[in-house]
K.L.:
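What follows is a single structure, and I will ask about it in a moment.
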Amino acid sequence: MEVLQEFTASGGQPKNSDAFTVNGQPGDFHPCSNHGTFKLEVKYGKTYLLRILNAAMNEILFFAISNHKLKVVGTDGSYTKPLTKDFIAISPGQTLDCLLKANQEPNNLYYMAARAYTNGTNVNFDNTTTTAIVKYEGNYNINSPISLPYLPSYYDTPSAVKFSGSLRSLASENHLISVPIKVKTRLVSTVSVNLSPCPKTGTDVTTCQGPNGTRLYATMNNISFVMPTYNILEAYYYHVKGVFGTKFPSFPPYVFNYTDGVLPLELELPDFGTQVKVLEYNTTVELVLQGTNLVTGLDHPMHLHGYNFYVVGWGLGNFDEKMDPKKYNLVDPPRRNTVAVPKNGWVAIRFRADNPGT
């Protein structure tokens, strides 16, 4: 909370963490772990279900176990078609259920390891690697030093998006899914980093630590959310005026080349407000989230509170209204509650608005 409050007050980037952890321990590369490095003891020949949760605040992580493959069978609590990989990519708030088969030489120790994936220009990140150990049951003489598994580079966008794009729901006659085919409400929203001038002190020095003394803001459709002092749902139910507006735009208010390398500075200025989109109960919704290159392009983990949704499409660059929907996967799209909008790319999700109490 101190880190959150500090960077919110400064208007700049958050302070880098000292280390990532696996079950609370940074691992062997950090002396503070000493003998506390997390160890997973397995029995040769058995298969284990690992539920991997990314609890980091900001960073997408690559994760792998040396000499072992991971078979992904679930995402955010929903079954998927089995997908065997040497490594996984997982965004903040996501969970992945993976099968681990203990089929390697039991007289060795094996590292599980994780490190950040990032691709923002001039964006600070934690470049450390966290480790834990897979150990086979029994009294074995360890024959060789522990080696790290292969992990993609910090900036390997193709590996990150290819992994996420390979996931599929376990859709079959015995496992039906309910992806909305006909959409009643369609929404498109840009997801951006914006800048706003910061007040100056008496000595004509800005008090914010964003670029050129500005303050960083996250926006959707150019609106930075202002937290109300009164509960929005209560205000809606009891018709309390002045708490929120209902003018959140269904489409971006400014249409431009969202992923261009050079964008007009005036587009970086956000609007501020507590604007909501009121949906009809039980309506089917498609939401396209378009990343932009304003200030800097970033991957944006997006969570839809109280809902699972189907990721029916994704791509790099600008969303093409005519061509991209033709490539949607409406047969077995993955069901998630958190999805990462790729840097200067887009994702399309579908859901049914049937949970009004969240």
Side-chain angles (χ1 to χ4, degrees), residues 1-27 29-33 36 53-63 90-94 114-131 154-155 190-220 222-232 265 267-275 291-305 338 340-341 343:
M1 285 302 298
E2 289 179 6
V3 172
L4 175 63
Q5 292 166 357
E6 180 182 283
F7 92 82
T8 300
S10 75
Q13 297 184 48
K15 180 182 179 181
N16 279 349
S17 65
D18 297 309
F20 297 112
T21 63
V22 177
N23 283 354
Q25 289 292 336
F29 298 157
H30 298 267
C32 58
S33 276
L53 164 67
N54 184 347
M57 182 182 293
N58 288 324
E59 307 292 1
I60 298 173
L61 297 173
F62 289 121
F63 175 90
I90 184 167
S91 298
Q94 288 183 337
R115 71 180 177 197
Y117 154 67
T118 187
N119 55 19
T121 304
N122 298 321
V123 174
N124 299 327
F125 69 98
D126 182 344
N127 63 358
T128 63
T129 299
T130 181
T131 59
Y154 303 116
Y155 312 104
T190 53
V191 185
S192 306
V193 178
N194 288 60
L195 296 175
S196 185
C198 192
K200 295 185 177 181
T201 65
T203 56
D204 204 37
V205 176
T206 59
T207 58
C208 295
Q209 297 176 12
N212 300 315
T214 57
R215 178 180 289 276
L216 295 167
Y217 290 93
T219 67
M220 294 184 67
N222 205 54
I223 298 174
S224 185
F225 183 74
V226 176
M227 186 67 70
T229 56
Y230 193 92
N231 184 285
I232 291 177
L265 293 179
L267 292 173
E268 295 180 350
L269 291 171
D271 294 326
F272 298 92
T274 310
Q275 298 294 336
T292 80
N293 202 35
L294 290 174
V295 183
T296 184
L298 292 173
D299 291 84
H300 297 278
M302 302 294 293
H303 174 70
L304 192 60
H305 182 64
T338 303
V341 181
K343 175 183 177 179

K.L.:
Does the N16 side chain pair with the main chain of F125, one donor and one acceptor, at a distance under 3.5 Å?
P.N.:
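Yes, N16 side chain to F125 backbone: donor-acceptor pair under 3.5 Å.
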
K.L.:
At their closest point, which heavy atom of T129 faces which heavy atom of H30, and how far apart are they?
P.N.:
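That closest heavy-atom pairing would be O-NE2, 3.8 Å.
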
K.L.:
Counting N and O atoms only, with roles assigned by atom type, does the side chain of T274 sit under 3.5 Å from a partner on the main chain of V226, one being a donor and the other an acceptor?
P.N.:
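Between the backbone of V226 and the side chain of T274 there is a qualifying donor-acceptor contact (under 3.5 Å).
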
K.L.:
Mind listing the closest non-hydrogen atom pair of T219 and P270 along with its distance?
P.N.:
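So the minimum-distance heavy-atom pair works out to CG2-CB, 3.6 Å.
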
K.L.:
Dump the intermediate steps for side-chain contact (heavy atoms from CB on, under 4.5 Å) on I60 and I90, then the final yes or no.
P.N.:
CA-CA 6 Å; I60 298 173; I90 184 167; over 6 Å; no

K.L.:
Atom OG of S196 and atom CZ of R215: how far apart are they, to the nearest 0.5 Å?
P.N.:
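Answer rounded to 0.5 Å: 8.5 Å.
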
K.L.:
Tell me whether the count of non-hydrogen atoms from other residues, nucleotides or ligands lying under 6.0 Å of CG in D18 goes above 12.
P.N.:
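For D18, atom CG is not crowded (no more than 12 foreign heavy atoms under 6.0 Å).
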
K.L.:
Minimum heavy-atom separation for F7 to G12, with atom names?
P.N.:
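Minimum heavy-atom separation between F7 and G12: CD1-O, 3.6 Å.
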
K.L.:
Run through N222, T296, T292 and flag the one making a side chain to side chain donor-acceptor pair (under 3.5 Å) with S192.
P.N.:
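With S192 as partner, side chain to side chain donor-acceptor pair (under 3.5 Å) holds for just one option, T292.
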
K.L.:
Applying side-chain contact (heavy atoms from CB on, under 4.5 Å) to F29 and T131, what does each step give before you reach the verdict?
P.N.:
CA-CA 8 Å; F29 298 157; T131 59; 4.0 Å; yes

K.L.:
Is there side-chain contact between N194 and S224, with heavy atoms separated by less than 4.5 Å?
P.N.:
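A side-chain contact is absent here, since even the closest heavy-atom pair is not under 4.5 Å.
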
K.L.:
Tell me the closest heavy-atom pair linking Q25 and G36, and the distance in Å.
P.N.:
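So the minimum-distance heavy-atom pair works out to CG-O, 2.8 Å.
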
K.L.:
Can you tell me how far the CG atom of L304 sits from the OG1 atom of T338, to the nearest 0.5 Å?
P.N.:
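Answer rounded to 0.5 Å: 9.0 Å.
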
K.L.:
Got a sec, which residues hit side-chain hydrogen bond (donor to acceptor under 3.5 Å, both in side chains) with S17, two or more places apart in sequence or on another chain?
P.N.:
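In terms of side-chain hydrogen bond (donor to acceptor under 3.5 Å, both in side chains), with neighbours along the sequence ignored, S17 is linked to D126.
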
K.L.:
Please name all residues satisfying ring-ring contact (aromatic ring centres under 6.0 Å, His included) with Y230, sequence neighbours left out, ordered by chain then number.
P.N.:
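For Y230, no residue satisfies ring-ring contact (aromatic ring centres under 6.0 Å, His included) once neighbours in sequence are set aside.
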
K.L.:
To the nearest 0.5 Å, what is the distance between CD (Q275) and CE (M220)?
P.N.:
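With rounding to 0.5 Å, CD (Q275) is 13.5 Å from CE (M220).
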
K.L.:
Keeping the roles fixed (side chain from Q13, backbone from N124), state whether a donor-acceptor pair exists under 3.5 Å.
P.N.:
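Flag set: sc Q13 to bb N124 pair under 3.5 Å.
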
K.L.:
Please identify each residue that fulfils side-chain hydrogen bond (donor to acceptor under 3.5 Å, both in side chains) with S91, with sequence neighbours left out.
P.N.:
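Listed in chain order: nothing, the list is empty.
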
K.L.:
Nearest 0.5 Å, please: how far is OG1 in T8 from CG in L216?
P.N.:
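OG1 of T8 is found 11.0 Å from CG of L216.
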
K.L.:
Should Y217 and V193 be marked as a side-chain contact (heavy atoms from CB on, under 4.5 Å) after you check the CA-CA gap, both sets of side-chain angles, and the distance that decides it?
P.N.:
CA-CA 6 Å; Y217 290 93; V193 178; over 6 Å; no

K.L.:
For T130 and P26, indicate whether the former's side chain and the latter's backbone hold a donor-acceptor pair under 3.5 Å.
P.N.:
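Yes, the answer is positive, given that a donor and an acceptor are paired below the 3.5 Å cut-off.
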
K.L.:
Closest heavy-atom contact between T214 and P197?
P.N.:
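Between these two residues, the closest heavy atoms are CG2-CA, 4.4 Å.
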
K.L.:
Does the cation-pi check pass for R115 over Y154, that is, NZ or CZ under 6.0 Å from the six-membered ring centre and within 45° of its axis?
P.N.:
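Pair R115/Y154 counts as cation-pi.
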
K.L.:
Between P92 and N54, which heavy-atom pair has the shortest distance, and what is it?
P.N.:
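Smallest interatomic distance, heavy atoms only, reads N-ND2, 3.3 Å.
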
K.L.:
Does the pair D299 and K343 meet the rule for a side-chain contact (heavy atoms from CB on, under 4.5 Å), with working shown?
P.N.:
CA-CA 4 Å; D299 291 84; K343 175 183 177 179; 3.9 Å; yes

